[in-house]
Amino acid sequence: MNPYSDEQAARIREMDSVFRLVRRQINAEWHRIGLSTLENLEGKGLNYTHGKLVVYIVEKGPLKSSEAAELLGITNGAVTGIADKLIELGLIERKRSDSDRRIAMLYATDKSQTIISAIDQIRDQMMIKLFHDLSDDEIEFALRLFRKMSKNLDKYDT
């Protein structure tokens with residue numbers, strides 16, 4: 001049962017469409033100015049998700065693949081592929097848990113620490129472009145809207 005009028009449902013679908021477009025544009029911009037341009041990564045094409053995984057591991061400490069998958073909103077198999085590439089580049093390490101050998105943990109390396117500032121710079125460039133013409137009131141409204149949408153989704157997670 002749809003609680004919205006036809007007009008409201010049409011506007012919500014339009015908002016969803018525009019939201020998806022902005023996400024695609026952000027991903028395209030990430031690829032354009034992203035981590036693959038850093039010299040110490042040997043020109044490897046790292047995308048937004050690669051960068052996010054490195055940031056999560058640095059910020060939160062060692063993660064199980066399942067934890068990383070949940071944070072990134074992707075499958076465990078996808079995490080394995082991303083982790084393999086990051087391991088090849090020396091940005092993270094995979095180690096077996098001391099308490100349970102079945103569990104593999106993803107750890108940050110010294111090299112991962114060095115790209116965090118680059119990731120922050122890329123993020124800053126993206127935010128400048130994304131929010132360029134927005135007034136303080138528009139930014140405040142967007143914050144309230146995103147917080148409310150997040151809260152709405154949290155209601156359904158339980």
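Numbers for residues simply follow the sequence, beginning at 1. Keep in mind the model is a prediction, meaning the values are calculated, not measured.
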**Q** Got more than 12 heavy atoms from elsewhere within 6.0 Å of CZ, R20?
**A**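 Counting neighbours around CZ of R20, 12 or fewer heavy atoms of other residues, nucleotides or ligands fall under 6.0 Å, so no.
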**Q** If I take atom CG from residue L106 and atom CD1 from residue I87, how far apart are they, to the nearest 0.5 angstrom?
**A**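 CD1 of I87 is found 6.5 Å from CG of L106.
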**Q** Could you walk me through whether V22 and L130 pass the side chain to side chain contact (heavy atoms under 4.5 Å, CB included) check?
**A** CA-CA 9 Å; V22 170; L130 192 60; 4.1 Å; yes
**Q** Locate the shortest heavy-atom distance separating A108 from Q113; write the atom from each residue and the value.
**A**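 So the two residues come closest at CB-NE2, 4.3 Å.
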**Q** Would you compute the distance between atom CD1 of I103 and atom CG of D98 and round it to the nearest 0.5 angstrom?
**A**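 Reported value, rounded in 0.5 Å steps: 11.0 Å.
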**Q** For the CD atom of E70 and the CG atom of N76, what is their distance to the nearest 0.5 Å?
**A**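 Between atom CD of E70 and atom CG of N76 there are 10.0 Å.
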**Q** E29 and K129: side chain to side chain contact (heavy atoms under 4.5 Å, CB included), yes or no, with the steps?
**A** CA-CA 10 Å; E29 186 68 8; K129 289 180 180 183; 2.3 Å; yes
**Q** Quick one: does any side-chain atom of T109 pair with a main-chain N or O of L91 as donor and acceptor, under 3.5 Å?
**A**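 Yes: the side chain of T109 pairs with the backbone of L91.
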**Q** Taking F146's backbone N and O only, do any of them form a donor-acceptor pair with K151's side chain (distance below 3.5 Å, no angle check)?
**A**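 Side chain of K151 to backbone of F146, a donor-acceptor pair under 3.5 Å: no, none is there.
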**Q** Could you go through R13 and D16, starting from their C-alpha distance and side-chain angles, then the distance that decides it, and tell me whether this counts as salt bridge (Lys or Arg N to Asp or Glu O under 4.0 Å)?
**A** CA-CA 5 Å; R13 282 191 299 276; D16 177 61; over 6 Å; no
**Q** Verify the cluster assignment for F141 and M15: are they in a single hydrophobic cluster under the rule of side-chain heavy atoms below 4.5 Å apart?
**A**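 Hydrophobic grouping puts F141 apart from M15.
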**Q** Taking atom CD as the centre, does Q8 end up with more than 12 heavy-atom neighbours from other residues, nucleotides or ligands that are less than 6.0 angstrom away?
**A**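 Above 12, so yes.
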**Q** Please give me the minimum heavy-atom distance between K111 and G90, naming the atom from each residue.
**A**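 Scanning both residues completely, I find the closest heavy atoms to be CB-O, 3.5 Å.
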**Q** Is there a side chain to side chain contact (heavy atoms under 4.5 Å, CB included) between D120 and I116 once you walk through the steps?
**A** CA-CA 6 Å; D120 287 342; I116 293 299; 4.0 Å; yes
**Q** Got a sec, which residues hit side-chain hydrogen bond (donor to acceptor under 3.5 Å, both in side chains) with E14, two or more places apart in sequence or on another chain?
**A**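 Partners of E14 under the side-chain hydrogen bond (donor to acceptor under 3.5 Å, both in side chains) test: R11.
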**Q** Side-chain heavy atoms under 4.5 angstrom apart, residues restricted to Ile, Leu, Val, Met, Phe, Trp, Tyr: same cluster for L134 and I128?
**A**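 No; I128 is not reachable from L134 via cluster members.
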**Q** Minimum heavy-atom separation for R96 and A104, please, with both atom names.
**A**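 Here R96 and A104 meet closest at NH1-CB, 3.5 Å.
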**Q** Roughly how far apart are M126 CE and I119 CD1, rounded to 0.5 Å?
**A**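 Reported value, rounded in 0.5 Å steps: 12.0 Å.
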**Q** Answer yes or no: is there a side-chain heavy-atom contact under 4.5 Å between I92 and Y107?
**A**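 Side chain of I92 against side chain of Y107, heavy atoms only: no contact under 4.5 Å found.
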**Q** Decide if atom CG of D6 counts as having more than 12 heavy atoms of other residues, nucleotides or ligands within a radius under 6.0 Å.
**A**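 12 or below, so no.
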**Q** Same cluster or not: I74 versus L63, using hydrophobic residues (I, L, V, M, F, W, Y) connected whenever any side-chain heavy atoms lie under 4.5 Å apart?
**A**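 Linked within one cluster.
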**Q** To the nearest 0.5 Å, what is the distance between OG1 on T80 and NZ on K85?
**A**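 Result: 15.0 Å between the selected atoms.
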**Q** Measure the shortest side-chain to side-chain distance between H50 and L89 over non-hydrogen atoms and say whether it is less than 4.5 angstrom.
**A**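 Side-chain contact under 4.5 Å: no.
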**Q** Grab the two heavy atoms, one from E67 and one from P62, that are nearest each other, plus how far apart they are.
**A**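 Looks like OE1-O, 4.4 Å.
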**Q** Do I26 and I82 belong together in a cluster built from hydrophobic side chains that touch within less than 4.5 Å?
**A**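 Per the 4.5 Å side-chain linkage, I26 and I82 are co-clustered.
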**Q** Could you grab the distance from atom CG of L21 to atom CZ of R24, nearest 0.5 Å is fine?
**A**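 Answer rounded to 0.5 Å: 5.5 Å.
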**Q** Are any of the side-chain heavy atoms of V55 and R123 separated by less than 4.5 Å?
**A**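 Counting from C-beta outward, V55 and R123 do come under 4.5 Å.
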**Q** Verify the neighbour count for atom NZ of K52: are there more than 12 heavy atoms of other residues, nucleotides or ligands below 6.0 Å?
**A**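 Atom NZ in K52 is packed in, count exceeds 12.
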**Q** Examine Y4 and L145 and state if one hydrophobic cluster contains both, with Ile, Leu, Val, Met, Phe, Trp and Tyr joined whenever side-chain heavy atoms are less than 4.5 Å apart.
**A**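 No, Y4 and L145 fall in different hydrophobic clusters.
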**Q** Would you find a donor on one side and an acceptor on the other, under 3.5 Å apart, between the side chain of E138 and the backbone of S135?
**A**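 Side chain of E138 to backbone of S135: a pair is present.
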**Q** Determine the minimum heavy-atom distance between S112 and V54, stating which atoms define it.
**A**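 For S112 and V54, the tightest heavy-atom pair comes out as CB-CG1, 3.8 Å.
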**Q** Assess the residue pair R23 and F19 against the criterion (side chain to side chain contact (heavy atoms under 4.5 Å, CB included)); give the C-alpha distance rounded to whole Å, side-chain angles, the decisive distance to 0.1 Å, and a yes or no.
**A** CA-CA 6 Å; R23 282 184 46 194; F19 181 78; 3.4 Å; yes
